[in-house]
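Take a look at the structure below.
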Amino acid sequence: MRATWAIFKRELAASFYTPLAYVILVVFLLWNGGTFVLLLQQFAANPEISGTRGPLQLLFGGSILYFLPILLFCPAITMRSFAEERRAGTLEALMTAPVRDVEVVLGKYFAAVTVYAAIWAPTALYALVIRKFGTVDWWTLASAYLGTMLLGAAFIALGILASAMARSQVTAFIIGFALTSGLFLAGLGKYVFESETQQALFSHLNQWEHMEEFAVGVVDTRRVVFYLSVVALALFQSVRVLEARKGVQ
Amino acid sequence: MIVAKDLCRRYGARTAVDGISFEIARGHIVGFLGPNGAGKSTTLRMMAGFLPPSEGTITIDGLDVQEDSLAARAKLGYMPETVPVYPELRVEEFLSFRAELKGVRSTGGARKKAVARAMELTRLQDRAKWLVGELSKGYKQRVALADAIVANPPVLILDEPTASLDPNQIIDVRELIKSLGNEHTIVVSTHILPEVEAMCSRVIILTKGRVAAQGTMDEIRARLSSDTRGLTLVFRGERAAFDTVAEGVDGVTVQEVIAVEDDVRRAKIELVDSDSGASERVERLVNACVGAKLGVREVTLAAKSLEAVFRELTTEDRAADEPSADKSADADRAEEKNK
């Protein structure tokens, strides 16, 4: 895993040498800040609605405003990883070094997950804001962040797969967005089908429901296994795609 | 050190490399020579393990590049012709990253030393802190070369190592490659004939994905010089005197004579088929000119274009392989003579 560490360091540095990471960071914070303010205003105007879910719980998975930027930004974080190397020809040098394909994939994957964690990090300040005027259940909050990280980890793995398939960053982004939003929409099948079996089946895929659980502090191992499976499957596929596309210009 | 057997590589319906075999011994510098599209890069890519061959095998130091890929790759430093470098890193950082990838440990400053050595050999010390993206093309090429040698692998595979260098840098790089040849087995590709002559102990000439000829430089050179077909001669003296002299030498035809200065003329001469060797005829012609008190100032053997060399080599091979193809080969040669 020596190579994974070397690639992780370079990828992470490269992410912050280009303006893209900062653009994502700023847009993401503006978006989440706006959502948070909307939620606070809602609660301030209607004090009677506060039940089990406060503004912090609703921030995580309470609305499409939570999912939309994740669906968009995960493939944006990963679109560079393989597509840019293929375009620039550096993939040839990378893959002819004595490194395993899986080491390369993991190095790039963990770097992208770290960028994803970095864009979420500043939102921890919201909790401090809430604590000033009320109470924060830190374990519930930790569960919400766990869910957010699992969701992001799965989407980023799909984004890595998209980038491994593509030759340009734009294609990588489009394929990546198709994969993340495809998985998200599949989960919404729960609200479309009527039979109980179908609903039970799709609720396993339903990220919206999963996040509502995580947001109130319910850590269901089935969800954890689901997201980690998506990660494993997508990364395994990425390794296979890299192998199959070796030498393809 | 490197053994290739019946290598084939097809891209869809197109065959880039069509059944080539060769052996490269330890410590040799071998040049792959051929026009664009001859399959040089494809062959080198297969050697480096980047491209799986459609058929055939390559082993490096006994390790199959496909089966024992990791161990084989650890033995080689490969420089692709695309000059793959990360523009956002500094030269030193880039080489350090590549050294780490190639397993050079940082203990005892080994990695730092490896990077310093690679930069010294490629004369990059004064650019160590530069961003790779800010370097000129020639310097980028040197960074890629430094990358190939940073882990000090026993085998170097260099795809067009002098492609974007200026004349001084080309000489530097040739010297470097020659000096590395003492402890490394080196494979270089190029489409420039003098380049191979300057660096390589052996040469493999490729055309259309096949080996047209291989051997030491001397063997190849012997094949090429034996059929020199023309020369240019600059002399001081009368045209008529020269014509008389030329007529006296067997197997020589004057094509044209142009006055360059008042009394100095340039003659274009063709060596037609004859019993005597081309070099002997050149010698006789020059002697005759001197004997006739013509001031010979310059004799240039017509440089054959590489293209012509390849055509000759391939047509000769075909003629030798399949007797039935003799006619077309002869026709080819006749056509070339007319040019």
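Proteins come first, then strands; the chains are lettered A, B, ... in the order of their sequence lines, and each starts at number 1. Values below: all heavy atoms of this structure, side chains included; hydrogens, waters and symmetry mates excluded.
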- Got B:I157 and A:T96 here, is their nearest side-chain heavy-atom distance under 4.5 Å? no

- Item | Which atoms of B:V83 approach chain A - backbone, side chain, both or neither, heavy atom under 4.5 Å | neither

- Check the surroundings of atom CZ in B:R210: do more than 12 heavy atoms from other residues, nucleotides or ligands lie under 6.0 Å from it? no

- Item | Charged N-O contact under 4.0 Å between A:R10 and B:E88 | yes

- Contact class of A:E84 relative to chain B, heavy atoms under 4.5 angstrom: neither

- Query: Is the side chain of A:R2 donor-acceptor paired with the backbone N or O of B:V104 at a distance under 3.5 Å, no angle test?
  - Reply: no

- Task: Grab the two heavy atoms, one from A:A97 and one from B:R73, that are nearest each other, plus how far apart they are.
- Result: O-NH1, 3.0 Å

- Taking side chain as C-beta onward, heavy atoms only, is B:F97 less than 4.5 Å from A:K9? no

- Query: Among B:G49, B:P87, B:G103, which has the most heavy-atom pairs under 4.5 Å with chain A?
  - Reply: B:G103

- Item | Over 12 non-hydrogen atoms of neighbours within 6.0 angstrom of CZ in B:R123 | no

- ring pair (Phe, Tyr, Trp, His ring centres under 6.0 Å): which pairs involve residues 22-42 of chain B, sequence neighbours left out? B:F22-B:F32

- Atom group of A:L94 that falls short of 4.5 Å from chain B, counting heavy atoms: both

- Query: Atom CG of B:D147 and atom OG1 of A:T90: how far apart are they, to the nearest 0.5 Å?
  - Reply: 11.0 Å

- Query: Does a side-chain heavy-atom distance below 4.5 Å link A:E92 with B:P80?
  - Reply: yes

- Count the heavy atoms of every other residue, nucleotide or ligand shown that sit under 6.0 Å from CH2 of B:W130, and state whether that count exceeds 12. no

- Any chance CZ of B:R26 has more than 12 other-residue heavy atoms, nucleotides or ligands included, within less than 6.0 Å? no

- Message: For the CD atom on B:E23, are there more than 12 heavy atoms of other groups (residues, nucleotides or ligands in this structure) within a distance under 6.0 Å?
- Response: no

- Task: Could you list which of residues 13-34 of chain A have a heavy atom closer than 4.5 Å to any heavy atom of chain B, in residue-number order?
- Result: A:A14, A:Y17

- Item | For the student: nearest non-hydrogen atoms of A:A93 and B:R98, plus distance | O-NH2, 3.0 Å

- Item | B:L101 side chain near A:I7 side chain, heavy-atom distance below 4.5 Å | yes

